[in-house]
There are 2 protein chains.
Amino acid sequence: MPYLDRTVCSPEPIDCRILTAALELFVERGFHKVSIHDIQKLSDVSIGSIYKHFGGKEGVAKALYDHLLNEFDELMDKINQLEASQIEKSNELIKRLFTYTESRRDIISFVFHAKHNEFLPDESLICDEKPFLAMRSIIEKGIKEKEINASNPIIAGAIIFGSVIRLIQLRLDGVIKEPLEQHYDEITFSIWNGLGKKIKNEPKLKVINQS
Amino acid sequence: MPYLDRTVCSPEPIDCRILTAALELFVERGFHKVSIHDIQKLSDVSIGSIYKHFGGKEGVAKALYDHLLNEFDELMDKINQLEASQIEKSNELIKRLFTYTESRRDIISFVFHAKHNEFLPDESLICDEKPFLAMRSIIEKGIKEKEINASNPIIAGAIIFGSVIRLIQLRLDGVIKEPLEQHYDEITFSIWNGLGKKIKNEPKLKVINQS
DNA sequence: GTCTATACGCTGATAGAC
DNA sequence: GTCTATCAGCGTATAGAC
């Protein structure tokens, strides 16, 4: 996957150099604490060129956002092409996200850790973007096919990927010391089978075991 | 609970007026898009006074942060005084958070939706603050007392409260249309009993039913 | 303690040379 | 297409009157 990477592309095209530098800075300091001059310095591309290519700082952020969402969407396509149950597809996604959290933390950080609406005001919510709709659609199918036991796909999605995103954030913040891959089995098991022991609604549990 | 509230305190002390206005603005636009002049206008307190009281915009944000964390900490104290299992305590917290999300969305938004490290650089991570440690401690006890079935309290906490925080965010963003209280039963059930139907590790499920 | 007016620096943006 | 020099505006912070 041709992710933006400062170390890989050496005589990179100029717009790639800009985006790569911007990603690094945005993740490190946050959008608002990065100036055009900072991007200019790190990318070694003149301010004029930055304006020519992207029309300003917001334009750089938007291009970066679109580019990374596109990469993420391609990943979702691959996952959707798998011959697998919806839960297996979800788990594959979780595994890949954990791997990227270690290998490309800047990308994961920008997509999942940033408050995009603060610097992309016109942008629709990230959860309405294509790859996130694909995620939701997996959950919907899972519910329809009685694989996932929930009444509402949005809520089910929030529970599943809320957990995953939180784990990723804690890992990025250094609260979790070990790579998340290491906890993959426990996490997916917990998500799909629950953490609880004391069960109030006994009847419902039986539904879970049935079929 | 004496939360900051513009409508309640009418001839408020000056510092309360500043904090209340700041909270409103920070939540609406985000910290970086609010200027001292904006706070001055809304609070109707002069810039000089704002500097005297809080030493600047960051100072206002820090005071707000401390104040709200303190309120949250008092809530955790109350919950910890309940004669209840750890799961019941967690559920009580979840219920209260859902209620506040409807009644005091600004507070919830500032505490859970903001990226504090972007404007409070020296501040420790929010998950290391007192009330969050109290949350973690509930989980730890739950695991020790074999109430919660997990090996690692941080991961268990991430799964439980990651879900909850995500739901709150989706509610604040308007993606979830109904008040979360309405989904409380389904959510807590899903969190504690899992979403999955196909269970790979049959043995572990039996452990869940036991005792 | 509270306020107003002002200074200064930084940032985004442009114009024009190469 | 790429760059440099420069400008205008905003936002923080202060000094000093009341």
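Proteins come first, then strands; the chains are lettered A, B, ... in the order of their sequence lines, and each starts at number 1.
- The side chain to side chain contact (heavy atoms under 4.5 Å, CB included) test with B:E24 is passed by exactly one of B:V34, B:L19, B:L42: B:L42.
- Heavy-atom nearest nucleotides on DNA chain C were determined for A:K33 and for A:I47, and the one closer to the 5' end corresponds to A:K33.
- Taking only side-chain nitrogens and oxygens, B:K57 never comes nearer than 4.0 Å to OP1 or OP2 of D:dG11.
- Counting to the nearest Å, the P atom of D:dT14 and the CD1 atom of B:I36 are 11 Å from each other.
- OP1 or OP2 of C:dT2 has at least one side-chain nitrogen or oxygen of B:H53 nearer than 4.0 Å.
- Between B:E118 and A:K115 there is no salt bridge, since no side-chain N of the basic residue sits under 4.0 Å from a carboxylate O of the acidic one.
- Between A:S46 and the phosphate of D:dT4, there is no side-chain N or O to OP1/OP2 separation shorter than 4.0 Å.
- When each of B:K52 and B:E58 is assigned the nucleotide of DNA chain D with its nearest heavy atom, B:E58 is the one assigned upstream, toward the 5' end.
- The CD1 atom of B:I50 sits 11 Å away from the C1' atom of C:dC3 (whole-angstrom rounding).
- With rounding to whole Å, B:K41 atom NZ is found 12 Å from D:dC10 atom P.
- We find that OH of A:Y51 is positioned 17 Å from P of C:dG16, with the value rounded to whole Å.
- Looking at A:S46 and A:Q40, their side chains never bring a donor and an acceptor atom within 3.5 Å of each other.
- As rounded to whole Å, 8 Å separates atom P of D:dT12 from atom CZ of B:F31.
- Computed from coordinates, the B:H32 NE2 to D:dC10 C1' distance equals 16 Å when rounded to whole Å.
- Ion pair B:R29/B:D38 flagged as a salt bridge, since at least one NZ, NE, NH1 or NH2 atom sits closer than 4.0 Å to an Asp/Glu carboxylate oxygen.
- With rounding to whole Å, A:R29 atom CZ is found 14 Å from C:dC10 atom P.
- For the pair A:D15 CG and D:dT2 C1', the interatomic distance rounds to 14 Å; values are reported in whole Å.
- Nearest heavy atom pair, residue A:V27 against residue A:S109, reads CG1-OG, 3.6 Å.
- Where A:H37 and A:S49 each meet DNA chain D at their nearest nucleotide, the meeting point lying more 5' is that of A:S49.
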